[in-house]
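The structure appears below as structure tokens.
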Amino acid sequence: MRKQTMWQLADKEIESRLLIGTALYPSPEIMLESIKASGSQVVTVSLRRQNPMASGGQDFWQMIQSLNLNLLPNTAGCHSVKEAVTTAQMARELFNTNWIKLEVIGDDYNLQPDPFALLEATKELISQGFEVFPYCTDDLVLCEKLVEAGCRILMPWGAPIGTGKGLINPYALKTIRERLKNVTLIVDAGIGAPSHAVEAMQLGYDGVLLNTAIAQANDPEKMATAFKHAMAAGRLAFESGLMPERDMAQPSTPTIGTPFWHQN
């Protein structure tokens, strides 16, 4: 397979366009092997679940450090601006990075982000020097407001977290991509199969972040490998230019003149 080219994520150049989570794996060892198999160079960690200072957290932290990858702490589980900002500040100190995946949950049923609190928290954290990766819905106006607030990266959902439904609104995601040409866009949440990742990449998205689809597969390491190849295939397809859909059939081999096999 052709070697992937480097791309810019915030202030870093990386190769893989797959970002991967560190939760829900059957064991820490399977987590490590799955991350390695995925080829990912960015892993997300939750301060609430994986605090290096908490009981058992130091062992997990040492395992993550052994991978020598880029860390993207997140504010998973936060429901208010104050809670999210405080968690981000603690994560910056503990994980030694200004990157933060900002989550402010507004509804416990579908874990939909609270757009108003998300925007407020984003403004506050950017003013404090954070590189904010906001987890948001596929609402174009919200995305535009987040960019106006200073975000260089957006992470709209494909579907609610953990549902595995894929891209439930490709039109909305495509519109965001077309309107925000100079913004790094990463589909986050709802990806359940490698084909979903291919679809996101074919829309021109810069990357995909996922966790459950790999962590809870029957064979996480093998599934991680599948997603690695899916990401590469989707990006190559986008760069190559997909054929347009047509309403009418069109022969791939027009019959003009005499067949090449015709003998006089």
Side-chain angles (χ1 to χ4, degrees), residues 8-10 17 19 21 42 44 46 72-89 91 98-192 196-197 199-212 238:
Q8 190 79 24
L9 180 61
R17 292 176 179 270
L19 289 69
V42 179
T44 63
S46 170
L72 177 59
N74 66 55
T75 62
C78 292
H79 289 74
S80 70
V81 173
K82 182 178 180 181
E83 189 179 17
V85 170
T86 300
T87 301
Q89 292 168 337
N98 72 327
W99 285 14
I100 191 72
K101 178 190 170 187
L102 180 61
E103 300 182 32
V104 187
I105 300 303
D107 182 87
D108 286 327
Y109 175 74
N110 66 0
L111 300 180
Q112 179 173 327
D114 180 333
F116 308 103
L118 179 67
L119 183 57
E120 183 180 344
T122 294
K123 292 177 179 178
E124 177 58 32
L125 290 174
I126 286 178
S127 73
Q128 295 183 21
F130 282 89
E131 185 74 60
V132 179
F133 294 58
Y135 166 59
C136 59
T137 60
D138 52 16
D139 183 288
L140 175 61
V141 175
L142 172 60
C143 289
E144 289 176 330
K145 295 294 184 183
L146 289 167
V147 172
E148 290 173 5
C151 289
R152 298 189 294 172
I153 299 158
L154 299 179
M155 306 182 78
W157 69 1
I161 295 172
T163 61
K165 290 182 175 295
L167 310 188
I168 57 176
N169 195 343
Y171 172 76
L173 292 172
K174 183 179 180 180
T175 300
I176 292 170
R177 177 71 286 175
E178 290 175 347
R179 293 288 296 275
L180 302 176
K181 297 183 184 299
N182 298 320
V183 177
T184 298
L185 297 177
I186 299 169
V187 172
D188 178 14
I191 299 296
H196 299 156
E199 185 180 4
M201 298 307 292
Q202 287 178 169
L203 288 177
Y205 274 68
D206 298 286
V208 167
L209 190 154
L210 58 91
N211 188 170
T212 308
F238 171 72

Mind listing the closest non-hydrogen atom pair of C136 and L118 along with its distance? CB-CD2, 3.7 Å
Can you tell me how far CZ of R177 sits from NZ of K174, rounded to the nearest 0.5 angstrom? 13.0 Å
For residues L185 and L203, determine if any side-chain heavy atom of one lies less than 4.5 Å from a side-chain heavy atom of the other. no
Taking all non-hydrogen atoms of both residues into account, name the closest pair between A84 and L102 and its distance. CB-CD1, 3.9 Å
Working to the nearest 0.5 Å, report the span between CG of L173 and SG of C143. 9.0 Å
Might you point out which heavy atoms bring N98 and G129 nearest each other, and give the distance in Å? ND2-O, 3.2 Å
Working for side-chain contact (heavy atoms from CB on, under 4.5 Å), residues N74 and S46: CA-CA 5 Å; N74 66 55; S46 170; 3.5 Å; yes
Looking at every non-hydrogen atom in both residues, tell me the closest pair between V132 and P134 and how far apart they are. O-CD, 3.2 Å
Between E120 and V81, is the side-chain contact (heavy atoms from CB on, under 4.5 Å) condition met? List the steps. CA-CA 7 Å; E120 183 180 344; V81 173; 3.8 Å; yes
Expected output: side-chain Q8 to main-chain A10 donor-acceptor under 3.5 Å: yes
Return the CG to CG distance between D138 and N169, rounded to the nearest 0.5 Å. 5.0 Å
I'd like to check R17 versus D206 (side-chain heavy atoms, cut-off strictly below 4.5 Å). Are they in contact? yes
Within the 4.5 Å heavy-atom criterion, are Y205 and P156 side-chain neighbours or not? yes
What I'd like to find out is whether the side chain of C151 reaches to under 4.5 Å of the side chain of V183, using heavy atoms alone. no
Return the orientation label for the W157 and Y135 ring planes: parallel under 30°, perpendicular over 60°, tilted otherwise. perpendicular
Interatomic distance, L140 atom CG to E178 atom CD [nearest 0.5 angstrom]: 10.5 Å
Is the shortest heavy-atom distance from the side chain of L9 to the side chain of I186 under 4.5 Å? yes
What pair of heavy atoms forms the shortest contact from T163 to G190, and how long is it? OG1-CA, 4.1 Å
For residues C78 and E103, report the shortest heavy-atom separation together with the two atoms involved. CB-O, 3.8 Å
Heavy atoms, side chains only, cut-off 4.5 Å: are T184 and R152 in contact? no
Below 4.5 Å, heavy atoms only, C-beta onward: do I191 and L167 meet side chain to side chain? yes
What's the verdict on side-chain contact (heavy atoms from CB on, under 4.5 Å) for D108 and H79, showing C-alpha distance, side-chain angles and the deciding distance? CA-CA 9 Å; D108 286 327; H79 289 74; 2.8 Å; yes
Donor-acceptor pair, S127 side chain versus E124 backbone, under 3.5 Å? yes
Between K101 and L19, is the side-chain contact (heavy atoms from CB on, under 4.5 Å) condition met? List the steps. CA-CA 12 Å; K101 178 190 170 187; L19 289 69; over 6 Å; no
Could you give the distance from OG1 (T137) to CD (Q112), rounded to the nearest 0.5 Å? 5.5 Å
Between OG1 of T175 and CG of L180, what distance do you get to the nearest 0.5 Å? 10.0 Å
Does a side-chain heavy-atom distance below 4.5 Å link V104 with P113? no
